[in-house]
Amino acid sequence: MPTPPLTMANALRDGAPDAWGRRVINNRLSGRKDIELDELTYMLHSGSDRIGALDFQSSPDRYEPREAEPASLDDLLIAAEHVERGEPIPAALDEALFHGSSIGGARPKAGIETDDAKYIAKFSSTTDTYPIVKAEYVAMRLAAVVGLDVAPVRMVAAQGKDVLLVRRFDRVRTETGWTRRAMVSALTIFGLHEMQGRYASYSDLTHIVRARFTNARATLHELFGRMVFNVLTGNTDDHARNHAAFWDGTMLTLTPAYDICPQPRLGRDANQAMIITKDDRRSRLETCRAAASEYLLGDGAARSIIDHQISAITARWAEICDEARLGTAERDFLWGRQFLNPYVFDGY
């Protein structure tokens with residue numbers, strides 16, 4: 001049984017629909033978006049191809065996967081727009097968006113499959129005030145450029161709009177079909193309720209890595225690199241559900257990075273969603289550098305990682321922006337605001 005304040009086991013909550021999935025299910029069951037159903041209803045009315053290895057079934061001894069027919073990106077985007085507007089999904093498109101109901105996050109998305117891979121398709125939103133889909137593509141690609149272990153991404157278009165495809169790492173294609181990989185979020189590893197997420201810290205995660213993760217030293221170095229990269233690219237949405245680990249029944253192994261998305265930024269100062277060290281969550285390289293020893297890094301090694309990322313981001317910025325088809329105005333909006341904001345260099 002979960003201990004208070006948890007109302008359900010966090011490992012189950014990891015697999016349950018999140019904000020977007022709940023909107024899809026609300027739309028499907030009632031045609032409305034302003035209702036709140038119970039947790040079990042959301043679980044049992046979401047698709048079976050959810051993140052991780054779990055699924056939710058009404059029978060304890062008979063497995064009946066809830067699957068949708070394949071749909072085009074165009075159909076998925078049209079269906080998502082109906083949900084965003086609070087309009088019932090046309091019957092012909094209802095099944096199209098079903099896969100996306102089991103995937104976490106707040107933004108419009110759906111699951112798609114090719115012969116050799118599964119992807120999460122992330123759509124532009126009608127409420128976007130800047131090119132979020134393109135910005136996430138740029139951040140994810142630059143994360144790979146600086147040497148981080150990150151989920152592969154592609155940029156495509158549907159209905160004349162940008163769509164980001166993120167390759168899933170929790171599925172493996174075998175000769176007999178797809179197999180699932182069990183995984184848990186850092187929030188689950190911490191044992192925290194979602195309302196306690198503000199107490200999650202990178203520092204606490206380093207202690208857990210030492211005790212429970214495979215390849216602890218390499219994992220700590222990777223985690224330090226991800227923390228620095230989040231700061232450099234304005235990804236202040238690095239909360240504990242946006243970090244995860246595979247679980248093999250004995251040990252944890254860090255998953256590839258995902259959901260690295262530069263966030264809206266009005267002022268100069270910013271804070272990370274997870275505490276960096278002690279009570280300091282300021283989005284500054286100096287805050288990261290001061291925590292280097294927790295990652296088994298000396299000061300010189302920490303500075304080398306930081307300086308390498310700054311150089312690589314600067315050197316490859318134009319090339320990756322070209323890949324994302326970012327216009328001059330869009331680049332100017334992101335550079336120096338989300339990417340390499342002057343505030344991150346304070347004290348470094």
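Atom set for the values below is all heavy atoms of this structure, side chains included, hydrogens, waters and symmetry mates excluded.
Of the charged side-chain nitrogens involved, at least one lies within less than 4.0 Å of a carboxylate oxygen, so that D55 and R66 count as a salt-bridged pair. A salt bridge does not link D162 to K122: none of the charged nitrogens lies less than 4.0 Å from a carboxylate oxygen. Salt-bridge formation is not detected for the pair D322/R316: no Lys NZ or Arg NE/NH1/NH2 atom is positioned less than 4.0 Å from an Asp or Glu carboxylate oxygen. Taking a cutoff of 4.0 Å between a charged side-chain nitrogen and a carboxylate oxygen, R282 and D269 do not qualify as a salt bridge. For the pair D18 and R23, the salt-bridge criterion is not met [side-chain N within less than 4.0 Å of a carboxylate O]. Ion pair R168/D170 flagged as a salt bridge, since at least one NZ, NE, NH1 or NH2 atom sits closer than 4.0 Å to an Asp/Glu carboxylate oxygen. A salt bridge does not link E136 with K134: none of the charged nitrogens is closer than 4.0 Å to a carboxylate oxygen.
In this structure, CG on L148 lies 10.5 Å from CG on L142, to the nearest 0.5 angstrom. To the nearest 0.5 angstrom, D49 atom CG is 7.5 Å from E113 atom CD. Atom CG of L334 is separated from atom CZ of R265 by 12.5 Å, given to the nearest 0.5 angstrom. Between E39 atom CD and L12 atom CG the span is 9.5 Å, to the nearest 0.5 Å. Remark: T206 OG1 to F213 CZ distance equals 11.0 Å, nearest 0.5 Å. Y119 contributes atom OH, which lies 11.5 Å from atom CG of L73 (distance to the nearest 0.5 angstrom).
A perpendicular orientation is assigned to the rings of F246 and F169, their planes being inclined by more than 60° (bins at 30° and 60°). Relative ring orientation between H243 and Y202 is described as perpendicular, the plane-to-plane angle rising above 60° on a 0-90° scale split at 30° and 60°.
Y137 and E323 form a side-chain donor-acceptor contact under 3.5 Å, judged by distance and modelled atom types alone. Between the side chains of Y42 and N26, at least one donor N or O lies within less than 3.5 Å of an accepting N or O. One side chain, T41 or D38, offers a donor N or O that lies under 3.5 Å from an acceptor on the other. Side chains of Q309 and D307: a donor-acceptor N/O pair is absent below 3.5 angstrom, by distance only. Counted by atom type alone, D61 and S59 present one or more donor-acceptor pairs between their side chains at under 3.5 Å. A side-chain donor from one of E294 and S203 sits under 3.5 Å from a side-chain acceptor of the other. A donor atom on one side chain and an acceptor atom on the other are not found under 3.5 Å apart for T233 and N235. Judged purely by distance below 3.5 Å, without hydrogens or angles, the side chains of H239 and N242 pair a donor atom with an acceptor atom. Side chains of S283 and N271: a donor-acceptor N/O pair is absent below 3.5 angstrom, by distance only.
When all heavy atoms of G86 and N27 are compared, the closest pair comes out as C-ND2, 4.4 Å. A pairwise comparison of heavy atoms in D237 and A273 identifies C-CB, 4.3 Å as the closest pair. Taking each heavy atom of P262 and Y130 in turn, the nearest pair found is O-OH, 2.5 Å. Nearest heavy-atom pair across R181 and R171 is N-NH1, 4.5 Å. The shortest non-hydrogen separation linking R198 to R281 is O-NH2, 2.7 Å. Pairing each heavy atom of G347 with each of E286, the nearest pair is O-OE1, 3.4 Å.
Looking only at side-chain heavy atoms (C-beta outward), V133 and M155 come within less than 4.5 Å of each other. A heavy-atom distance below 4.5 Å is not found between the side chains of S48 and F56. At a threshold of 4.5 Å between non-hydrogen side-chain atoms, the residues V231 and Q272 count as touching. With contacts defined as side-chain heavy-atom distances shorter than 4.5 Å, the pair M43/M8 qualifies. Looking only at side-chain heavy atoms (C-beta outward), V228 and V146 stay at 4.5 Å or farther from each other. When side chains are defined from C-beta on, Y258 does not count as touching I120, because their heavy atoms never get closer than 4.5 Å. The shortest distance between side-chain heavy atoms of N10 and E194 does not fall below 4.5 Å. Two residues are said to be in side-chain contact when any heavy atoms from C-beta on lie closer than 4.5 Å; T253 and W247 fail this criterion.
Remark: side-chain polar atoms of R173 are not paired, donor with acceptor, to backbone N or O of A117 under 3.5 angstrom. A donor-acceptor pair is defined here as one N or O able to donate and one able to accept, closer than 3.5 Å; no such pair exists between the side chain of D128 and the backbone of P131. Formation of a donor-acceptor pair under 3.5 Å by the T219 side chain with backbone atoms of T214 is found in this model. Side chain of Q338 to main chain of G336: no donor-acceptor pair is present (N/O by atom type, distance under 3.5 Å, no hydrogens or angles).
Residue pairs meeting the side-chain hydrogen bond (donor to acceptor under 3.5 Å, both in side chains) criterion with at least one partner in residues 80-89, sequence neighbours excluded, are E81-K161, H82-E87, E84-S125, R85-E87.
No chain of hydrophobic side-chain contacts below 4.5 Å, direct or via other Ile, Leu, Val, Met, Phe, Trp or Tyr residues, connects I208 to Y199. Cluster annotation: L254 is connected to M140 through the hydrophobic network of ILVMFWY side chains, with a link wherever side-chain heavy atoms come within less than 4.5 Å. Side-chain heavy atoms closer than 4.5 Å link hydrophobic residues (I, L, V, M, F, W, Y) into clusters, and following such links, even through other members, never connects I275 to V209. Note on W178 and I51: separate hydrophobic clusters, where clusters join Ile, Leu, Val, Met, Phe, Trp and Tyr whose side-chain heavy atoms are under 4.5 Å apart, directly or indirectly. Note: the hydrophobic cluster containing Y343 does not contain W335 (ILVMFWY, side chain heavy atoms under 4.5 Å, direct or indirect links).
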Practice item. Take T114 and D116 through the test side chain to side chain donor-acceptor pair (under 3.5 Å) and record every step on the way to the result. Key: CA-CA 6 Å; T114 64; D116 63 346; 3.1 Å; yes
Exercise for review: Go through the steps to decide whether R210 and L296 satisfy the test side-chain contact (heavy atoms from CB on, under 4.5 Å), and finish with yes or no.
Suggested key: CA-CA 10 Å; R210 289 190 188 92; L296 304 182; 4.2 Å; yes
Point to revise | Criterion side-chain contact (heavy atoms from CB on, under 4.5 Å) on R226 and I260, from CA distance to verdict | key: CA-CA 9 Å; R226 294 185 188 186; I260 304 176; over 6 Å; no
Exercise for review: Using the salt bridge (Lys or Arg N to Asp or Glu O under 4.0 Å) rule, take D259 and R107 through it: C-alpha gap first, then chi angles, then the decisive distance, then the call.
Suggested key: CA-CA 11 Å; D259 281 358; R107 292 181 54 78; over 6 Å; no
Exercise for review: Mind running side-chain contact (heavy atoms from CB on, under 4.5 Å) on T236 and N230 for me, showing each step along the way?
Suggested key: CA-CA 7 Å; T236 54; N230 286 334; over 6 Å; no
Review point. How far apart are the C-alpha atoms of L29 and I35, what are their side-chain angles, what is the distance that settles it, and do they pass the side-chain contact (heavy atoms from CB on, under 4.5 Å) test?
Key: CA-CA 10 Å; L29 297 182; I35 61 172; 5.9 Å; no
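Annotation for R154: atom CZ does not count as buried by contact number, only 12 or fewer foreign heavy atoms lying within 6.0 Å. Residue R268 places its CZ atom among more than 12 non-hydrogen atoms of other residues, nucleotides or ligands, all under 6.0 Å distant.
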